[in-house]
Participant: 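Here it is, the structure in full.
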There are 2 protein chains.
Amino acid sequence: MRPLVHPAIEDISVEGIMHALSDPVRVAIFADIAMSNCSQNCTSFSSVEDKAIPKSTLSQHFKSLREAGLIRSERLGVEMQNLSRCGEIDKRFPGLLPAILSAHKIQNDARQHTAKTGRKKSIRAVAK
Amino acid sequence: MRPLVHPAIEDISVEGIMHALSDPVRVAIFADIAMSNCSQNCTSFSSVEDKAIPKSTLSQHFKSLREAGLIRSERLGVEMQNLSRCGEIDKRFPGLLPAILSAHKIQNDARQHTAKTGRKKSIRAVAK
DNA sequence: TTCAGTTGTTCTGAAAATAAGAACTATTGA
DNA sequence: TCAATAGTTCTTATTTTCAGAACAACTGAA
């Protein structure tokens, strides 16, 4: 088992962050970690739609977040402690993560609302 | 030639935006369009490192930005007019795009600086 | 008109990234 | 020592992305 890789703060890139957070499961995981600022296990996470995600896939997702510099993972016995690196990143890119997390929350709230009121999700895209 | 597809504002997703801006060429293009808020041709764009990008690839990049909802493209004779949709998006996700653009600028400035002072880009990642 | 030049799109095959089952590693507690 | 738990790595199938080649749409000149 090879050691966990964490980029130095100056090697964290905007593109890397964007890419890591371009996956619905990964933003959800990261939002969880960043908001609660508590650990969050790797293998137990059911996505937004409550479908179980294979643990190999989750492991890869955590790896992506880690190697993008968004979280810091530390082995704690058999489990993993995952903490967000928001503080560090906010010094380098002020306001970036708060803005993304806030947008994510806005979108989630809107989705929950439309799910409750039963509005059909409009897939229609305006063609010109 | 099929019509250009633009998502309605309520169909623009954070993940979609993140994904579109997770590519160095695409952020660069988008930053250009958003900053200058002027058109920006599709086929003439040399990336950050000044290497020419094939026009088919550029066309795809513009398509990605368009379908993520970040830009609005309109055929103007033989050319294309590309405008950012920052205004609309800022109403739905306040502060998101400004934060990303600002982070992108910070990173670019830092890169230019290290390129000038010749500091070797440290790829080293702290292994634990 | 017709034709060449320009701008951008679409098609296509190769290369790269992602997803998830299966096998494996590491740690703990009985 | 062994079973249980938490994660990782290997591997293959699928999906995305890249970029050359062919194509489509418009313009301006002959």
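Values in this document were obtained by computation on a predicted structure and should not be read as measured data. Convention: sequence-line order gives letters A, B, ...; per-chain numbering from 1.
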Participant: Taking side chain to side chain donor-acceptor pair (under 3.5 Å) as the definition, give me every residue that meets it alongside B/K105, ordered by chain and number, with sequence neighbours left out.
Facilitator: B/D109
Participant: A/E67 CD to D/dT9 C1': how many Å, rounded?
Facilitator: 13 Å
Participant: Give the angle between the helix axes at the two ends of the helix from C/dT1-D/dA30 to C/dA30-D/dT1, taking five base pairs at each end and rounding to 10°.
Facilitator: 10°
Participant: Considering all heavy atoms of both residues, which atom of A/Q107 and which atom of B/I12 are nearest to each other, and what is their separation?
Facilitator: OE1-O, 4.2 Å
Participant: Using atom CD of A/Q81 as one end and atom P of D/dA6 as the other, report the distance to the nearest whole Å.
Facilitator: 16 Å
Participant: Atom NZ of A/K63 and atom P of C/dT18: how far apart are they, to the nearest Å?
Facilitator: 11 Å
Participant: Counting distance only, does the side-chain N/O of A/D90 pair as donor-acceptor with the main-chain N or O of A/G95 below 3.5 Å?
Facilitator: yes
Participant: Could you write nucleotides 20-29 of chain C as a row of B, S and -, 5' to 3', where a protein heavy atom under 4.0 Å of any base atom gives B, of only sugar-phosphate atoms gives S, and otherwise -?
Facilitator: BBB--BBBS-
Participant: Whole-Å distance between C/dT18 C1' and B/H19 NE2?
Facilitator: 11 Å
Participant: If you check the A/D23 side chain, which of C/dT9, C/dA19, C/dT10 turns out closest?
Facilitator: C/dA19
Participant: Can you check whether B/R26 has a side-chain N or O nearer than 4.0 Å to OP1 or OP2 of D/dT17?
Facilitator: no
Participant: Apply side chain to side chain donor-acceptor pair (under 3.5 Å) to B/E67 and list each qualifying residue two or more places apart in sequence or on a separate chain.
Facilitator: none
Participant: Please tell me if A/H61 has a side-chain N or O lying less than 4.0 Å from either OP1 or OP2 of C/dA17.
Facilitator: no
Participant: Grab the CZ-C1' distance between B/R2 and D/dC23 for me, whole Å please.
Facilitator: 12 Å
Participant: What is the distance from CG of B/N82 to P of C/dT7, rounded to the nearest Å?
Facilitator: 14 Å
Participant: How far apart are the closest heavy atoms of B/S64 and B/A20, and which atoms are they?
Facilitator: O-CB, 4.3 Å
Participant: List the residues meeting side chain to side chain contact (heavy atoms under 4.5 Å, CB included) with B/S22, not counting sequence neighbours, and say none if there are none.
Facilitator: A/M18, A/H19, B/H19, B/R26
Participant: For B/E88, what residues pass the side chain to side chain contact (heavy atoms under 4.5 Å, CB included) criterion, not counting sequence neighbours?
Facilitator: B/I9, B/R72, B/R85
Participant: With no hydrogens and no angle check, is any side-chain donor or acceptor of A/T117 less than 3.5 Å from a backbone partner on A/H113?
Facilitator: yes
Participant: Take the protein atom CG of B/L58 and the nucleotide atom P of C/dT9, then report the distance between them rounded to whole Å.
Facilitator: 10 Å
Participant: Do the side chain of A/S36 and the main chain of A/D32 share a donor and acceptor less than 3.5 angstrom apart?
Facilitator: yes
Participant: Which of the following nucleotides, D/dC18, C/dA19, D/dG7, is nearest to the side chain of A/E79?
Facilitator: D/dG7
Participant: Measure CZ/A/F62 against P/D/dT8 and give the value in whole Å, please.
Facilitator: 9 Å
